Amino acid sequence: CVFVGVLIVVIAVILIFSIKGCVSYISNVKEQKQLQEQQTPAPQITPLPTLSTEISNEYYSNSAFVGNSFIDGMVLYSFFDNVDYFSKVGLTVNGALTEPTSTGTVPVIDELNNGKSYNKIFMLFGENELGWDSKDTFLAQYGTLIDKARQYQPSSKIYLLNITPVTKAVSDKNENNINNDSIREMNELIKQLAQDKGAVYVDIYSAVVGNDGTLPDGAASDGVHFGEEYYKKCLLYIQNNIQ
């Protein structure tokens, strides 16, 4: 009986120390966790960039726009204070190498050799070349335009704007191969050309295309050349997304 009593006491003592050990361990774990939480800085949340809703004269200052009727149409609106336009309705990459603007005396691309130093050069070609049999010819001549622009403006950053969509009615009519499927195919070629030439590809197509893959009805009176509202969409897309 005495032995049993002693054994019970021993077991009780062991249990007491075990319980104290567990409580102490749990307490230490809690203290370490609290200390780590105090020492670990709270995660920093990076705020989303604020998108511009107004066209920035600073972004476009001292830029040149070179191209076809898309560029020519921009001249009608006073979007900028310090921008030059070298464009012509119906202009192709071949024409830009050989033809002057309506008021110029030298080929369009040679207007960049005017003694100025531009920060940015935006070029847009391809719509008038959709009906060409050889896309290789288009790419070769567009490449020559880029090379000349770089020769005349070695410090400028060159941007290739892609072709914007047309309305469903124009696309279905498919005059001179102007349809949205052909436009998307041509845009892929322009994108590759930009990569090959170290230029910046600018996807203004995505800034104005509707959910059905066409230019929304009412965006352009002729289904192709839109007005001030959709020009603003393109220009805001550029300054908000392209450095």
Side-chain angles (χ1 to χ4, degrees), residues 47-91 96 101-103 108 111-112 116 118-128 130 149 153 156-171 178-180 182-184 186-188 190-191 194 199-243:
L48 294 174
T50 302
L51 299 181
S52 301
T53 57
E54 297 295 331
I55 294 173
S56 169
N57 270 304
E58 181 181 359
Y59 178 89
Y60 290 103
S61 180
N62 196 33
S63 294
F65 285 81
V66 182
N68 54 31
S69 56
F70 180 95
I71 304 300
D72 201 67
M74 291 175 61
V75 181
L76 300 175
Y77 309 101
S78 300
F79 290 126
F80 317 108
D81 294 332
N82 184 25
V83 163
D84 288 338
Y85 302 93
F86 306 115
S87 58
K88 187 177 181 180
V89 174
L91 191 67
T101 65
S102 58
T103 58
V108 170
E111 292 281 6
L112 294 175
K116 292 186 178 182
Y118 295 106
N119 296 327
K120 299 180 177 78
I121 298 173
F122 297 94
M123 306 177 75
L124 197 158
F125 293 93
E127 181 182 319
N128 297 318
L130 288 171
Q153 299 288 333
S156 296
K157 200 167 185 177
I158 297 177
Y159 302 79
L160 304 189
L161 309 184
N162 67 3
I163 311 168
T164 52
V166 295
T167 60
K168 185 178 185 303
V170 171
S171 185
I178 296 178
N179 64 78
N180 286 308
S182 294
I183 288 172
R184 285 186 285 269
M186 185 69 94
N187 283 343
E188 286 301 312
I190 295 170
K191 183 177 183 179
V200 179
Y201 177 74
V202 185
D203 182 21
I204 56 173
Y205 175 99
S206 66
V208 297
V209 69
N211 293 330
D212 63 349
T214 70
L215 185 69
D217 291 333
S221 58
D222 63 354
V224 180
H225 304 96
F226 40 72
E228 184 175 9
E229 178 186 357
Y230 275 75
Y231 272 120
K232 283 184 176 180
K233 288 178 182 288
C234 293
L235 294 171
L236 288 173
Y237 173 87
I238 294 171
Q239 72 187 48
N240 282 324
N241 294 278
I242 308 297
Q243 296 301 316

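Numbers for residues simply follow the sequence, beginning at 1. Heavy atoms only: backbone and side chains are in, while hydrogens, waters and symmetry mates are out. None of the values given here were measured: they were computed from a predicted structure.
- Across every non-hydrogen atom of Phe226 and Ala219, the tightest pair is CB-O, 3.0 Å.
- Smallest separation of non-hydrogen atoms from Gly126 and Asn68: N-ND2, 4.3 Å.
- Taken from CG in Asn57 to CG in Asn82, the straight-line distance is 8.5 Å, to the nearest 0.5 Å.
- Using bins of under 30°, 30° to 60° and over 60° for the plane-to-plane angle, the ring pair Tyr85/Phe80 lands in the tilted bin.
- The CD atom of Glu58 sits 12.0 Å away from atom CG of Asp81, with the distance rounded to the nearest 0.5 Å.
- Two rings, from Phe70 and Phe125, have their centers 6.0 Å or more apart.
- Shown here for Asn180 and Thr167, the closest heavy-atom pair between the two residues is ND2-O, 4.2 Å.
- In this structure the side chain of Ser63 reaches within 4.5 angstrom of the side chain of Phe122, judged on heavy atoms.
- Looking at Phe86 and Ile71, their side chains never come closer than 4.5 Å, going by heavy atoms from C-beta outward.
- Annotation: the span from Asn119 atom CG to Lys157 atom NZ amounts to 11.0 Å, rounded to 0.5 Å.
- Take Lys120 and apply the side-chain hydrogen bond (donor to acceptor under 3.5 Å, both in side chains) test, not counting sequence neighbours, and it matches no residue.
- Between Val166 and Ile183, some side-chain heavy-atom pair lies under the 4.5 Å cut-off.
- Looking at Glu188 and Arg184, no side-chain N of the basic residue comes within less than 4.0 Å of a carboxylate O on the acidic one, giving no salt bridge.
- Salt bridge absent: Asp212 and Lys168 never bring a charged side-chain N and a carboxylate O closer than 4.0 Å.
- Taken from CG in Leu91 to OG in Ser102, the straight-line distance is 11.0 Å, to the nearest 0.5 Å.
- Atom OH of Tyr201 is separated from atom CG of Asn162 by 3.5 Å, given to the nearest 0.5 angstrom.
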### Message
Quick one, Leu215 with Val208, criterion side chain to side chain contact (heavy atoms under 4.5 Å, CB included). Give me CA distance, side-chain angles, the key distance, then yes/no.
### Response
CA-CA 7 Å; Leu215 185 69; Val208 297; 4.2 Å; yes

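- Between Ile55 and Leu236 there is a side-chain heavy-atom pair separated by less than 4.5 Å.
- Partner of Ile204 under the side chain to side chain contact (heavy atoms under 4.5 Å, CB included) criterion, out of Leu235, Ile238, Ile242, Asn241: Ile238 alone.
- Under the 3.5 Å distance criterion, the side-chain polar atoms of Asn187 are matched with a main-chain donor or acceptor of Ile163.
- Shown here for His225 and Glu127, the closest heavy-atom pair between the two residues is NE2-OE2, 4.2 Å.
- The closest side-chain heavy-atom distance from Leu130 to Met186 is below 4.5 Å.
- Remark: Ile121 CD1 to Gln153 CD distance equals 5.0 Å, nearest 0.5 Å.
- Inter-residue side-chain proximity for Leu124 and Phe65 is flagged as unmet; no heavy-atom pair is nearer than 4.5 Å.
- Between Tyr205 and Gly213, the shortest heavy-atom contact is OH-O, 3.5 Å.
- Scanning for ring-ring contact (aromatic ring centres under 6.0 Å, His included) contacts around Tyr77 gives Phe79, Tyr231, with sequence neighbours left out.
- A pairwise comparison of heavy atoms in Ala207 and Cys234 identifies CB-CA, 4.3 Å as the closest pair.
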